[in-house]
Amino acid sequence: MTGTRAIYSQLVRELFERLPHAGDLGPGAGTAVHGEAMALDRGAWVRFDARIEDGRVVDCSFRAWGCPHTLAAAALIASRLHGEGIGNEAAFDALRLARELGAPAEKLGRLLVVEDALSGMLARAHALQ
Amino acid sequence: MTGTRAIYSQLVRELFERLPHAGDLGPGAGTAVHGEAMALDRGAWVRFDARIEDGRVVDCSFRAWGCPHTLAAAALIASRLHGEGIGNEAAFDALRLARELGAPAEKLGRLLVVEDALSGMLARAHALQ
Amino acid sequence: MTTAAPIYLDHAATAPLDPQVAAAICECLRDPGLQGNAASVHAPGRAAAVRVEQARAQVARLVGAEPGSIVFTSGATESVNLAILGAARAAGANLHHLVTARTEHRAALDACRQLEREGFAVSWLATGSDGSADPAQVASALRPGTALVSLMHANNETGVINDIAAVGQLCLERGVTFHVDAAQSAGKLPIDVQAMNVALLSFCAHKLGGPKGIGALYVRHRPRPALQPLQFGGGHERGLRAGSLATHQIVGFGVACELALTRLADDAARVRALRERLWAGLQAAAPVERNGGTEPGLPGILNVRFPGIEGESLLLSLDGRLAASSGSACSSASAEPSYVLRALGLSDLAAQASLRLSLGRATTGEEVDRAAALLVASVNRLRALLPAGAIERIA
Amino acid sequence: MTTAAPIYLDHAATAPLDPQVAAAICECLRDPGLQGNAASVHAPGRAAAVRVEQARAQVARLVGAEPGSIVFTSGATESVNLAILGAARAAGANLHHLVTARTEHRAALDACRQLEREGFAVSWLATGSDGSADPAQVASALRPGTALVSLMHANNETGVINDIAAVGQLCLERGVTFHVDAAQSAGKLPIDVQAMNVALLSFCAHKLGGPKGIGALYVRHRPRPALQPLQFGGGHERGLRAGSLATHQIVGFGVACELALTRLADDAARVRALRERLWAGLQAAAPVERNGGTEPGLPGILNVRFPGIEGESLLLSLDGRLAASSGSACSSASAEPSYVLRALGLSDLAAQASLRLSLGRATTGEEVDRAAALLVASVNRLRALLPAGAIERIA
Ligand SMILES: Cc1ncc(COP(=O)(O)O)c(C=O)c1O
Ligand SMILES: Cc1ncc(COP(=O)(O)O)c(C=O)c1O
């Protein structure tokens, strides 16, 4: 087992410390959508929940099991989506996440799980339009 | 090269420090005899000189090239012979010297050179009787 | 930001230097009379050699050996390699078989793998679900061509103890050389190489309060196992280990062994009690499981499993406040799930949900209580954000 | 009885620890934040790793290397063995030949002899009467199957320097791995592994004011020579050298290298001048000869021969007052005449009449004058009791 020698970037450390938007959606208006992806063998399990109203993400939250990069990536996405218009969301693919978080290459597999959960939720959100 | 790890006995250190009877015989009465043995390959070269009067060793000295055990053995013998009656000399063979001086086994070859030089001198002394 | 020093519960990776040992090393480093090479015949060399030999006697006493049977090395890794590679390579032409267990330290595993590349056959024993190697299994693995049996005394991840005396008896009867990796147990458990019929025993200073970078291999006198050295170059250490001796390191090792022997029983009782207090405190983070059984085991090791928790995230949660290991620090270059926990029957996920907490002489009750509180809080925080069903799936 | 500390002129066996290095080591040993294992991910582990990497950069700079090409070992003996055994054993199936010289240190000689036992062929070059290996001879010893050329930079007994850059160029052209034993020269002579085209370079801390028990092997990045490790067990040091890193030892090594590099030119000039002052003082014991020529050579080594003198008796005469070596301290288990001096053409007797006086940074002019006076008195005393003709026969 043992941890990796990866030094976590400042951004990962900050996000991990606070983990904004972790847990469940608060009560509120709009239509709830979610997306979930799980790859236990790769070491990640992520679920996003959002509430959509008038084509905007009015609330967003995540739940996750995984390493600090996985949790930080999920928190980063949930924070960015909040208040965003559907169709305007930035492209949160695994490579971009890895770059932004300064994650080492061996974490890509897990960040793909984050990407998958997000794609699933966004697909449902788009379907609402 | 390098020295040996032998720890010198107290007796060897004392004899080596003073080297009693080293050098030449003083002026005096009696008949001069000597004995010399050299084995450069074994690391020793020893010469004893003595003056014999009325069957006694009235003076004795040595010259030597060799390790501390060799020099100490020669000095020990010269001291003991001094004043001794010919025929009464203790048996100074190499094994006895090694025991008395606490010399390690690998020094026996050199102590044999000391023994040889002594025997040579004593043979001449006996011949005088 | 946490500014207080973290609670150190990683003594199995390396123990902090005992202050008495630090004092002895620094005195030695600064003594103008001890700067010589212990191999030199002059006064400063002999003074260094005297200190080396005093320390050799202290080190030997810890394991019930004669001073002349101790060979100084750079650590347990070197000792283990010298024993395993050395004994195998020096063994007769028709002795091409070794017996070891799958839960050994990487030093032993990798040395045995190297021997496989050199043409040796290795019997890799599976341990029982309690984590220990069964002497009966060792017995049935022995062949006429067996050169060596190598087993650890206590496991570095779980603290599980092997029955060394039983295997020693067996090897004695069968005339097989027996090597024991005692890196974790030396100074923690009583060791008597004679009574245990051990031919070769490896240990090091830094696990028992001594300095890093110095270890020892006990090499029995009679019968003396043949060993091919790992490094050559002059007659140091009975021809088994060339290289100038590090006087200060050896002096520190000696003092550490002497302290460890004096305090062994007291330390063991104290540390064991603290470990149980920690375990009790962790119940507030239930579900929590103990890996590697309870007793007997090394007094200082508690390996626990928190279902639903990912190890790396737990470690980062604790970062700067609690220093522990999600495995053996010696293999932390890799992030693979522990093969030791896997051998106990744990899944990859369960292994990754595990944490090794290792206590030592310096550990206090107050630290243990704070550590438990920290762990409970971190586990609860991480569990609060799990997707539904994760605790059940990841255990 | 002499009570004053002896004059230490045995720096080539081991140099006294520089006080700044001692301070750095002791600070490190006592820092609660640096007690972790540098392989651990937690804060105390990372703090140790940071210090290790700082030191690696200091050590690398001394020889003009990148930090990532330095592998820490337990000393020069291990580095030399890792280079020679490691490169030969990892070489291709049809690379079974090595080139080295007869005047190498025992570490290199014995490693090469071990390889002969393993089936390698070794070309043992004779050195010229000046004691150095001739690059042209190296060139003609190379074969299509040559796996390695191993030569020392400066000889530990005579201080004679080999033309490393010339041999490096040769090995580059012929695509042969080149190892240099720089245990005596590191910190004393400028070294640039890149400019010298060296693939592997061994050195250690204790010859240059650092602690005993720590050394380094420079392993070139491109092309990277293949090496089989001596000890296995986890991924430390780029997989080349398993075992927990000794933080305090490495920190001390780093400081020592930094000091040595800063002071290299000044130290060399000062020490060289002191050595010539010593040589001038010894003329009062004429006949006295200098072994190994004059220049160029290591600044600190003066190997002298006193015809008619037996080495062991000379050493005991000086005992407690002057610490010097009648040869390499590293091989003092044996009392055989130096093979290095024999290779210079000296007889056994002449070799036994020789003494290595080695000076270092801590040596003072007053010490040198006292040492000369002591030596002259001792030589004269021993000569006074020689049998007639001995001075002529033993020279
Ligand atoms: C059981 C065991 N053997 C060997 C070692 C290797 O010790 P070192 O890294 O000090 O050489 C360790 C250290 O983790 C260990 O726990
Ligand atoms: C040229 C040379 N190589 C290698 C060594 C071995 O160094 P250590 O004993 O510190 O391992 C020495 C030490 O005497 C040396 O002088």
Side-chain angles (χ1 to χ4, degrees), chain C residues 5-6 8 10 13-14 16-17 22 25-26 29-30 32-33 35-37 39-45 74-75 77-78 80-81 105-107 110-111 113-114 206 211-214 230-236 242-249 315 319-320 323-325 329-334, chain D residues 5-6 8 10 13-14 16-17 22 25-26 29-30 32-33 35-37 39-45 74-75 77-78 80-81 105-107 110-111 113-114 206 211-214 230-236 242-249 315 319-320 323-325 329-334:
Chain C
Y8 191 76
D10 205 10
T14 192
L17 197 66
I25 296 175
C26 293
L29 286 173
R30 290 182 163 133
Q35 302 291 313
N37 192 318
S40 300
V41 276
H42 49 56
S74 64
T77 297
E78 185 186 334
V80 166
N81 276 269
H105 187 267
R106 280 289 296 275
D110 289 358
R113 284 195 198 116
Q114 170 62 22
H206 75 100
K212 297 175 184 58
I214 185 80
L230 298 175
Q231 55 190 59
F232 300 83
H236 310 83
S244 298
L245 293 174
T247 318
H248 65 290
Q249 295 277 90
L315 282 187
D319 194 41
S325 175
C330 306
S331 62
S332 67
S334 74
Chain D
Y8 191 77
D10 204 10
T14 192
L17 198 66
I25 295 176
C26 293
L29 286 173
R30 290 181 163 135
Q35 302 291 314
N37 192 317
S40 300
V41 276
H42 49 56
S74 63
T77 297
E78 184 185 335
V80 166
N81 275 269
H105 187 266
R106 281 287 297 274
D110 289 357
R113 283 194 199 119
Q114 171 62 21
H206 75 100
K212 298 175 183 57
I214 186 80
L230 297 176
Q231 55 191 61
F232 300 83
H236 311 82
S244 299
L245 293 175
T247 317
H248 64 290
Q249 294 278 89
L315 282 187
D319 194 40
S325 174
C330 306
S331 61
S332 69
S334 73

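Reminder, nothing fancy here: chain letters follow the sequence lines and each chain counts from 1. Nothing here was measured: the structure is a model prediction, and the numbers come from that model.
Within the model, atoms CD of Q35(C) and CG of L17(D) stand 6.0 Å from one another, a figure rounded to the nearest 0.5 Å. The CD atom of E78(C) sits 5.0 Å away from the CD atom of Q231(D) when rounded to the nearest 0.5 Å. Atom OG1 of T77(C) sits about 13.0 Å away from atom CG of L230(D), to the nearest 0.5 Å. For the atom pair N37(D) CG and D10(C) CG, the distance stands at 7.5 Å (nearest 0.5 Å). S244(D) OG to H206(C) NE2: the interatomic distance, rounded to the nearest 0.5 Å, is 3.5 Å.
No side-chain heavy atom of H42(D) sits under 4.5 Å from any side-chain heavy atom of P6(C).
Ranked by non-hydrogen atom pairs under 4.5 Å with chain C, the options A323(D), A22(D), G213(D) are led by A323(D). In terms of non-hydrogen atom pairs under 4.5 Å with chain C, the most contact-rich of A111(D), P32(D), P44(D), G33(D) is P44(D).
Contacts of I25(C) with chain D are made by side-chain atoms alone, with heavy-atom separations under 4.5 Å and no backbone atom involved. Only the side chain of Q114(C) comes within contact range of chain D, judged by heavy atoms closer than 4.5 Å. D110(C) touches chain D through backbone and side chain together, each having a heavy atom under 4.5 Å away.
Between the side chain of Q249(C) and the backbone N or O of K212(D) there is no donor-acceptor pair closer than 3.5 Å.
Contact between A43(C) and D319(D) at its shortest, heavy atoms only, is N-OD1, 3.7 Å.
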